[in-house]
Amino acid sequence: MSAETLHIEGTVDGIIYRSDTTSYTVLDLDAGGELITVVGDLGDVEAGESLILEGSYIEHKKFGTQFHAVYCERKLPSTVVNIEKYLASGAIKGIGPGLAKKIVNVFGDQTLNVIENDPFRLSEVKGINKRKCEEIAAEAQKLFSLRMVMSFLSQYEIKPEYAMRTYRKYGVDSLELMKMNPYLLCGETIELEFQKADEIAHDMHIEKNAHKRVIAGLQYILHENAVRSGHTCLPEDVLSELAQRSLDISESDFYSSLNAAIDDDELFSYIKNEREYIYLPDYYRAEQFISDRINLLKGFSPQEDFDYDKLIDIEESEHGIKYQKLQRTAINMALSRGLMILTGGPGTGKTTTLNAIISIFLKKGEKVLLAAPTGRAAKRMTDLTGYDAKTIHRLLEVVYDASGRLVFAHNENAPLECGVIVIDEMSMVDSILFEKLLRALRLGCRIIMVGDTDQLPSVGAGNLLSDLIRSSIVPTVQLTEIFRQAQQSCIVTNAHRIVSGEMPDLTRKDSDFFFFRRSEYDRAAELIISLNRDRLPKAYKFSPIDDIQVLCPSRKGAVGTLELNKKLQESINPPSDKKPEHKGYLYTYRTGDKVMQTRNNYDLTWKRGNEQGSGIFNGDIGRIISVNKGTQTAEVNFDGRIAVYPFDQLSQLELAYAVTVHKSQGSEFEAVIMPVMGGFEKLSYRNLLYTAVTRAKKLLILIGTEDKIERMVTNNRRTRRYTCLKAMLRQGSMADAGDTDEEEIPATAGYEDTDDE
């Protein structure tokens, strides 16, 4: 493969392949009589168009030499032959090969000029009436508008997919609106980086302190803090400091634009403890709705003449179980109240309690739905309870609305059909998702939330489970007693020692919890590879891919996920002529690789036997089953769901031989290996270690130093996030809304690379 950037020009001879979901295209280019195969993000180019391309030649094992284009400038065809080919390709809806020939015969090389500027002259062509003229004119206007948007954005090296998103949102007015306010491109559904919009704005001579720029900058900072750090809002003073520094504006500029944004509902404000907090609209509405709905439901107690203790006695008798006092309290509360939270650490009987609750509700004739935030968490819930559980996304059903946006099918107007819903792994549920779920539940539906507050909070923004419990508004039962059988597991007992601030027992060599002392990164990495590839499979018959999971506090460093994934891939799934692969920016994706989806993709379709669906979500783990360089796609198996990724979407996947502790939430693995060494100080805290330990079912191995483990155990700095939900809940219940544990929390301007997780 040549690294040299080359320049070629030619005419599109034909389209070989075009992705249905992205702008990836494979075409034949006639470059002065030489036919060249071109691949890249080329948008909706058609046969007959003239292209100016920059890129380099690559060698494809099956298809030979190809030109990989990284820049594309498009020109409409100018010769009669190419104009006819262009129109015959279907570029303008309503014109096929036959009609294309007739039109070109009448207007010659002026055909496209006529269609664009005086389309009603097409009535001069035999067979085209006034109505047909109007149809072609409307379609031509769409085509030329989109081309202008693409051409304009290409000057800033912005991919065609952003032009297509812009046109879908703003239609034929896209270019005009974009030039008036480039920051529209940063908004919902288009999601261009603020810095790129800022480049365009600079060329449009938009002042640094213009309201449109400052407001877009504030929205960008709030969005980045939600995505990177989980903050649903920021204190006004914190936002002011970040904005002045990153946008290069004065304090008065900040307040002037902030007030204008609040007046126009582009941003929202909430006062907590006499301090003002600033929200993006979606997060403000989500937390406000959650507060209002929870306060409406908290006093709801069904008026039924059931003897709940008798029902619990019957359950004990049928299953030969004797419930502990707190378990009976939890079961009774679930049956008698409109909503409740069940929490507790490993081995405290949450699953036994939950099974009793589900069983009694089913006997009473209630329709019970079971949900969890991720596919792996839902599968685990199904395995533990024996009842079918689905992800929250699958329950709500992702569909397209009339404007082409992805929305949930179930909401206030189309609620879920159930009398009871049980949500497991609530610590993983973020504010936006919980709001959507609440909107889809009838007011009479009972809500049972199950989780462990000592685990890390959700990947998405918010600190939902913790806020609900700490508000003291939602009835909560915390199971604390460890069952005798669970006490035999060092994983369980050490997890409870960690959460209590005590050092785990690192001396046992005869149980399920092991510690290997290593102080050098290279030696630790060698041990991780040896355990994963050889020692654990030999001793325990574990599969290196299916059963063993390496968990890391950080992505970075010698024992972070980025480096370990490359080493583990090389040792567990090395290159082979029998394993096709595709080289991406960070990773090489190879047939057989273990991978994880890193963001929600509602568009991606999947099949499982005769079942079809859409949506692969952040944290889903799968395995690459094929890499097809001909179609430029890879197939990935997510627990039986087969999804097809175009190569340009593979960046959504990371190798998953090693994943961060944050990404492992909601999952359990037969064996967990975790490096616990120096560095990553801001990730050295108790509930991160606790979360990692509780991911292991049968075997847990820590590799590092006692000193590092002790520092993590003694550091009870929980993952703090800016959120006002607890205060809203208390205010809505007329309780004291004060938040006495308020503290300063790090925030970012959005430009810095601060995401170690």
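In this chain, numbering begins with 1 at the start of the sequence shown.
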**Message:** Using every non-hydrogen atom in the two residues, find where A389 and T382 come nearest and quote the distance to one decimal.
**Reply:** N-OG1, 2.9 Å
**Request:** Determine yes or no for a side-chain-to-main-chain donor-acceptor pair under 3.5 angstrom, with D430 supplying the side chain and I432 the backbone.
**Result:** yes
**Asked** Looking only at heavy atoms, what is the nearest atom pair of I616 and A643, with distance?
**Response** CG1-CB, 4.2 Å
**Item:** Gap separating the CG atom of L433 from the OG atom of S458, nearest 0.5 angstrom
**Value:** 9.5 Å
**Donor-acceptor contact below 3.5 Å, side chain R213 vs main chain K208** = yes
**Closest contact, heavy atoms only, A226 versus A461** = O-CB, 3.8 Å
**Message:** When you measure from the side chain of N225 to the backbone of I221, do you find a donor-acceptor pair of N or O atoms at a distance under 3.5 Å?
**Reply:** yes
**Prompt:** Is the number of heavy atoms from other residues, nucleotides or ligands within 6.0 Å of CE (M204) greater than 12?
**Reply:** yes
**Item:** Donor-acceptor pair between Y162 and E193 side chains, under 3.5 angstrom
**Value:** no
**Message:** Nearest 0.5 Å, please: how far is CD1 in I447 from CD1 in I294?
**Reply:** 5.5 Å
**Message:** Apply side chain to side chain contact (heavy atoms under 4.5 Å, CB included) to residues L551 and T660 and explain how you reach the verdict.
**Reply:** CA-CA 5 Å; L551 299 183; T660 63; over 6 Å; no
**Pair T605-Q612, side chain to side chain contact (heavy atoms under 4.5 Å, CB included): steps then yes or no** = CA-CA 7 Å; T605 57; Q612 294 189 14; over 6 Å; no
**Asked** With side chains defined as the heavy atoms from C-beta onward, is the minimum distance between M178 and L185 less than 4.5 Å?
**Response** yes
**Request:** Check the pair S250, D253 against side-chain hydrogen bond (donor to acceptor under 3.5 Å, both in side chains), reporting the backbone distance first and the verdict last.
**Result:** CA-CA 5 Å; S250 69; D253 292 333; 2.9 Å; yes
**Prompt:** Is any side-chain heavy atom of Y270 closer than 4.5 Å to a side-chain heavy atom of M728?
**Reply:** yes
**Prompt:** Salt-bridged, D620 to R641, with N to O below 4.0 Å?
**Reply:** yes
**Asked** Any donor and acceptor pair, going by atom type alone, linking the side chain of Q155 with main-chain N or O of F152 inside 3.5 Å?
**Response** yes
**Message:** Do D452 and Y690 have side chains that approach each other closer than 4.5 Å (heavy atoms only, starting at C-beta)?
**Reply:** yes
**Asked** With a distance cut-off below 6.0 Å to the six-membered ring centre and an angular limit of 45° from the axis, does K272 pair with Y277 as a cation-pi contact?
**Response** yes
**Request:** Check whether the ring centres of Y220 and F194 lie less than 6.0 Å apart, and answer yes or no.
**Result:** yes
**Fill in**
Value for OG1 (T476) from CE (M340), rounded to nearest 0.5 Å, stands at 7.5 Å
**Message:** Working to the nearest 0.5 angstrom, can you tell me the gap between Q244 CD and L239 CG?
**Reply:** 10.0 Å
**Asked** CD of Q455 to OG of S427: how many Å apart, nearest 0.5 Å?
**Response** 4.5 Å
**Message:** Checking E266 against K212 for the salt bridge (charged side-chain N to carboxylate O under 4.0 Å, His left out) test, could you report, in this order, the C-alpha distance in whole Å, the side-chain angles of both residues, the deciding distance, and whether it holds?
**Reply:** CA-CA 11 Å; E266 293 179 276; K212 65 182 78 173; over 6 Å; no
**Prompt:** Closest approach of I262 and S269, non-hydrogen atoms and distance?
**Reply:** CD1-CB, 3.9 Å
**Prompt:** Is the shortest heavy-atom distance from the side chain of V368 to the side chain of I421 under 4.5 Å?
**Reply:** no
**Asked** Under 3.5 Å, is there a donor-acceptor pair between the side chain of R275 and the main chain of I271?
**Response** no
**Item:** side chain to side chain contact (heavy atoms under 4.5 Å, CB included) assessment of Y645 paired with L653
**Value:** CA-CA 10 Å; Y645 284 74; L653 296 173; 3.6 Å; yes
**Prompt:** Using 4.0 Å as the upper bound for N to carboxylate O, is an ion pair formed by E435 and R439?
**Reply:** yes
**Prompt:** Between the main-chain N or O of A414 and the side-chain N or O of N411, is there a donor-acceptor pair closer than 3.5 Å?
**Reply:** yes
**Exceeds 12 heavy-atom contacts within 6.0 angstrom, atom CD of E157** = no
**Request:** May I ask you to check whether Q597 and N618 show a side-chain donor-acceptor distance below 3.5 Å?
**Result:** no
**Request:** Check S431 against T232 and note the closest heavy-atom contact, atom names and distance.
**Result:** OG-CG2, 4.0 Å
**Message:** Could you tell me if the side chain of L464 sits less than 4.5 Å from the side chain of M426, heavy atoms only?
**Reply:** yes
**Minimum side-chain heavy-atom gap I190-Y170 below 4.5 Å** = yes
**Request:** For N295 and S291, indicate whether the former's side chain and the latter's backbone hold a donor-acceptor pair under 3.5 Å.
**Result:** yes
**Item:** Main-chain N/O of L242 paired to S246 side chain as donor or acceptor, under 3.5 Å
**Value:** yes
**Fill in**
Heavy-atom closest pair (Y722 atom, C233 atom, distance to 0.1 Å) is CB-O, 3.1 Å
**Asked** Would you find a donor on one side and an acceptor on the other, under 3.5 Å apart, between the side chain of H410 and the backbone of A440?
**Response** no
**Message:** Please determine whether side chain to side chain contact (heavy atoms under 4.5 Å, CB included) holds for the pair Y255 and E251, giving the CA-CA distance in whole Å, both sets of side-chain angles, and the decisive distance to 0.1 Å.
**Reply:** CA-CA 6 Å; Y255 282 108; E251 186 177 13; 3.5 Å; yes
**Asked** Got a donor-acceptor contact below 3.5 angstrom from the T691 side chain to the N687 backbone?
**Response** yes
**Asked** Is there a donor in the side chain of Y183 and an acceptor in the side chain of Q219, or the other way round, less than 3.5 Å apart?
**Response** no
**Message:** Side chains of S240 and D237: any donor to acceptor distance under 3.5 Å?
**Reply:** no
**Message:** For H393 and F617, take the angle between the two ring planes, folded into 0 to 90°, and tell me which bin it lands in: parallel under 30, tilted 30 to 60, perpendicular over 60.
**Reply:** parallel
**Message:** In the structure I gave you, are the side-chain heavy atoms of F289 and L438 within less than 4.5 Å of one another anywhere?
**Reply:** yes
**Prompt:** Is the shortest distance from a Lys or Arg side-chain nitrogen in R394 or E611 to a carboxylate oxygen in the other one below 4.0 Å?
**Reply:** yes
**Prompt:** Pick from R380, R376, K350, K379: which one makes a salt bridge (Lys or Arg N to Asp or Glu O under 4.0 Å) with E425?
**Reply:** R380
**Prompt:** Got more than 12 heavy atoms from elsewhere within 6.0 Å of NZ, K390?
**Reply:** no
**Request:** Might you work through the ring-ring contact (aromatic ring centres under 6.0 Å, His included) test for Y279 and Y284, ending with a clear yes or no?
**Result:** CA-CA 6 Å; Y279 278 88; Y284 177 81; 5.5 Å; yes
**Asked** Does some side-chain heavy atom of L297 sit less than 4.5 Å from a side-chain heavy atom of L443?
**Response** yes
**Item:** Interatomic distance, K298 atom NZ to I473 atom CD1 [nearest 0.5 angstrom]
**Value:** 6.0 Å
**Prompt:** Is the closest side-chain donor-acceptor distance between T723 and D467 under 3.5 Å?
**Reply:** yes
